[in-house]
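Position 1 is the first residue of the sequence; numbering continues from there. Since we're looking at a predicted model, the values are computed, not measured. Ligands are counted one by one from 1 in listed order, and the atoms in each one are counted from 1 as well.
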Amino acid sequence: MALNFDKAKEILERNGQPHVLRFWDRLDNDQRKALLLQIEGLDFESLIRMKDMLSDNGTKSSKSDIQPAEVIPLSAAKEPKAAGAGEDAIRAGVVGVVLVAGGQGSRLGFEGPKGCYGIAPITNASLFEIHSKKILGLENKYKAKIPFYIMTSLANDKATKDFFVQNNYFGLSEDRVLFFVQGMWPALDKDGKIILDAPGRIFMSPDGHGGILAALRARGIFDDMEKRGLETLFYFQVDNPLVEIAEPAFIGLHRLNKADISVKVCSKRDPDEGIGVVVVKNGRNAVVEYTELTKEQKHARLPDGELKFKYGSVAIHVFSLDFLRKEADATIPLHVAHKKVPYCGNDGKTVKPDKPNAYKFEKFIFDVIPDARCTINVEFAREEEFSPVKNAEGSDSPATTRADMMKKWFRWFELIGISIPRDTKGKPRYRVEIDPCFALVPEDFGKKLGKGFKITGDVLLR
Ligand code: UTP
């Protein structure tokens, strides 16, 4: 039964949030209905945890003892035995792909879902197109079916689905592309009060990529995965077009080690780079977010001069479906950030603050790692697999990502003995773009292109 005013009032009073109804008398019927729906959807159990965190002064940081975690080095990460096991799993149809794309992309400042952002150097193909074509490339190569699950949020779900429909799912079979919406959480003021951003509206934002666990369960996706016979899930983020989706050796290492979680790791660019590091904490594998490391921990060096906490996780994982399904019942930690959140003034008008005024809470996917029976960390070469679009300009921006995509493809040409025309400063004279359906890896690229190929202008291979 839908919530009515009296019941809503009682629930809110019980939870110390009666102010949510303070503009009730000014709302029309539709606004009242919408507000009641929002109240009905509130997760009061998590709200209590959020308030507790604020009274603890926010973060519980990792002052605890941490040690670097073990890492499978690059030299062992591509073993043929592992690649073979991964290929067998893909062919057998037990591998699915999960993309988290519910974020707000506020740093990039692009109108619309970040996955719709055009990034390919020549065709301007979007991030979604590049990811989808990689899956299509794998399906073609291994004659396999690879279901593609995409997590959206209420703010971008429709636009994301429309984009896939308008583009005919980029050649993927429609029945293997599944969207599911993550949960939303309110923001709290310093006293733990829910913030309204209009008289009849609670300000809500996505509950973090760790919200995937609750969303997979709530939307029936675990059941869908089981029905399709999946066992192993490749997980990645929308902003990295270099990602090697379901790379067979990574899948194979995960399966051969009977791991619950596998984590791709690379060397940090510098001690202050904003990525979490892989550690052993209280005897368990874990990732500690960069904001939760002390300055000493970030800069600590080993006797040979290497950074002690050198290996960062960039949210490229493989999960066992069984583990993830069990983990959906676990309570994972919350992370808090002090942010600017629009709020409704006493006059009912929305105010956009110029300083952080609110606390937003998120769950992070890597917080499931300590619960895993077996975790493996696998090194990868950053220049081959990681160049995210985070900012509008500067580092990790569209310009650096496009340049990194082209550098990777130029390396493919050089690997097969085709020279790159360069200017006097050594910069390639032309642009290059290779569609994932043309080739996913340099070996296939070499076979397809042959030795006689010469670069005499921009090269677009598809
Ligand atoms: P980021 O942490 O980079 O956040 O997300 P963002 O929202 O995309 O960008 P900013 O911080 O506002 O600039 C990393 C990945 O996690 C997904 C994002 O879509 C991206 O693929 N994500 C993040 C979610 O799916 N849901 C969330 O609630 C947060």
Item checked: Partner set under ring-ring contact (aromatic ring centres under 6.0 Å, His included) for Tyr359, not counting sequence neighbours -> His338
Checklist line | Aromatic plane relationship, Phe445 with Phe438 - under 30° parallel, 30 to 60° tilted, over 60° perpendicular | finding: perpendicular
Notebook entry, point to check: What residue pairs, at least two apart or across chains, pass side chain to side chain donor-acceptor pair (under 3.5 Å) with a residue in residues 393-402?
Noted result: Arg269-Asp396
Checklist line | pair Asp435-Lys133: side-chain heavy atoms closer than 4.5 Å | finding: yes
Checklist line | Phe163 vs Ser126 side-chain heavy atoms within contact, under 4.5 Å | finding: yes
Check: Got a sec, which pairs hit ring pair (Phe, Tyr, Trp, His ring centres under 6.0 Å) with one end in residues 110-140, sequence neighbours left out?
Finding: Phe110-Tyr117, Phe128-Phe164, His131-Phe236
Next item on the list: Anything with a heavy atom under 4.0 Å from ligand 1 counts, so go ahead and list those protein residues by chain and number.
Entry: Val100, Ala101, Gly102, Gly103, Gln104, Gly105, Ser106, Arg107, Lys114, Met151, Gln182, Pro206, Gly208, His209, Gln237, Val238, Asp239, Lys390
